[in-house]
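When reading the values below, keep in mind they use all heavy atoms of this one structure, side chains included, and skip hydrogens, waters and symmetry mates. The structure presented is a predicted model; accordingly, all values stated were derived computationally and were not measured.
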Amino acid sequence: MKTDLPFVSVIIPCYNEEAYIGKLLSALTLQSYPNFEIIVSDAKSTDNSIDIIKKINLSKIKIVSSPPNGPAAQRNFGAKHATGE
């Protein structure tokens with residue numbers, strides 16, 4: 001892995017996204033940029049979103065639970081947990 005590349009945080013707001021979250025995370029894992037983390041800011045989903053995320057089982061994925069206040073608030077909440085630049 002190139003360590004001279006900036007560490008990037010990808011923040012994904014999530015609320016009942018079971019139809020899309022697996023495809024999104026799979027696409028992110030195929031990126032050529034190696035130095036990143038994925039933070040899923042979940043607003044207490046009531047579907048299978050979290051189960052789908054956990055099945056992907058990547059060390060780069062961190063799930064944080066946020067109050068359901070909308071996508072912008074979820075992104076801000078996720079940013080508080082980010083370690084990237």
Side-chain angles (χ1 to χ4, degrees):
M1 177 187 314
K2 289 186 175 182
T3 56
D4 58 333
L5 296 172
F7 189 69
V8 176
S9 298
V10 178
I11 301 167
I12 302 169
C14 177
Y15 178 72
N16 292 342
E17 299 292 343
E18 70 181 358
Y20 307 103
I21 195 71
K23 290 179 185 177
L24 171 63
L25 294 174
S26 294
L28 283 172
T29 63
L30 297 174
Q31 299 303 308
S32 60
Y33 192 90
N35 205 17
F36 69 97
E37 68 179 350
I38 301 168
I39 299 172
V40 178
S41 181
D42 180 63
K44 307 201 185 329
S45 292
T46 58
D47 65 356
N48 292 318
S49 296
I50 298 300
D51 293 333
I52 292 167
I53 296 165
K54 288 180 178 178
K55 283 181 185 173
I56 293 173
N57 194 24
L58 282 178
S59 62
K60 293 181 181 233
I61 300 175
K62 183 187 324 180
I63 303 168
V64 294
S65 292
S66 67
N69 291 325
Q74 285 176 253
R75 277 189 289 276
N76 291 337
F77 186 81
K80 291 179 183 178
H81 297 274
T83 58
E85 297 177 34

Where is the tightest heavy-atom contact between Val40 and Cys14, given as atom of each residue plus distance? CG1-CB, 3.7 Å
Distance (rounded to the nearest 0.5 Å) between [X] [atom1] and [Y] [atom2]:
X     : Y     : atom1 : atom2 : result
Ile39 : Thr83 : CD1   : OG1   : 6.5 Å
Asp51 : Ile56 : CG    : CD1   : 11.5 Å
Ser41 : Ile12 : OG    : CD1   : 10.5 Å

With ring pair (Phe, Tyr, Trp, His ring centres under 6.0 Å) as the rule and sequence neighbours excluded, what pairs involving [range] come up?
range          : result
residues 48-68 : none
residues 11-35 : none
residues 60-83 : Phe77-His81

Taking a hydrophobic cluster as the set of Ile, Leu, Val, Met, Phe, Trp and Tyr residues connected by side-chain heavy atoms closer than 4.5 Å, whether directly or through intermediates, do Leu5 and Phe36 fall within one such cluster? yes
Would a hydrophobic clustering, with Ile, Leu, Val, Met, Phe, Trp and Tyr connected at side-chain separations under 4.5 Å, put Ile61 with Ile52? yes
With [X], which residues qualify under side chain to side chain donor-acceptor pair (under 3.5 Å), at least two apart?
X     : result
Glu17 : none
Asp47 : Ser49
Ser59 : none
Asn48 : Glu18

Given Ser9, which partner from the list Lys62, Glu37, Glu85 fulfils the side chain to side chain donor-acceptor pair (under 3.5 Å) test? Glu37
Residue pairs passing the side chain to side chain donor-acceptor pair (under 3.5 Å) test where at least one lies in residues 68-77, sequence neighbours excluded: none
For Lys44, the side chain to side chain contact (heavy atoms under 4.5 Å, CB included) test, sequence neighbours excluded, returns Ser65
Hey, are the side chains of Ile63 and Lys54 touching, using non-hydrogen atoms and a 4.5 Å cut-off? yes
Would you tabulate the side-chain donor-acceptor contacts of residues 24-31 under 3.5 Å, counting partners in other chains and residues two or more places apart, or write 'none'?
| unit_1 | atom_1 | unit_2 | atom_2 | d |
| --- | --- | --- | --- | --- |
| Ser26 | OG | Gly22 | O | 2.9 |
| Thr29 | OG1 | Ser26 | O | 2.6 |
| Gln31 | NE2 | Ala27 | O | 3.1 |

List the steps, then state whether side chain to side chain contact (heavy atoms under 4.5 Å, CB included) holds for Ile50 with Ile53. CA-CA 5 Å; Ile50 298 300; Ile53 296 165; 4.2 Å; yes
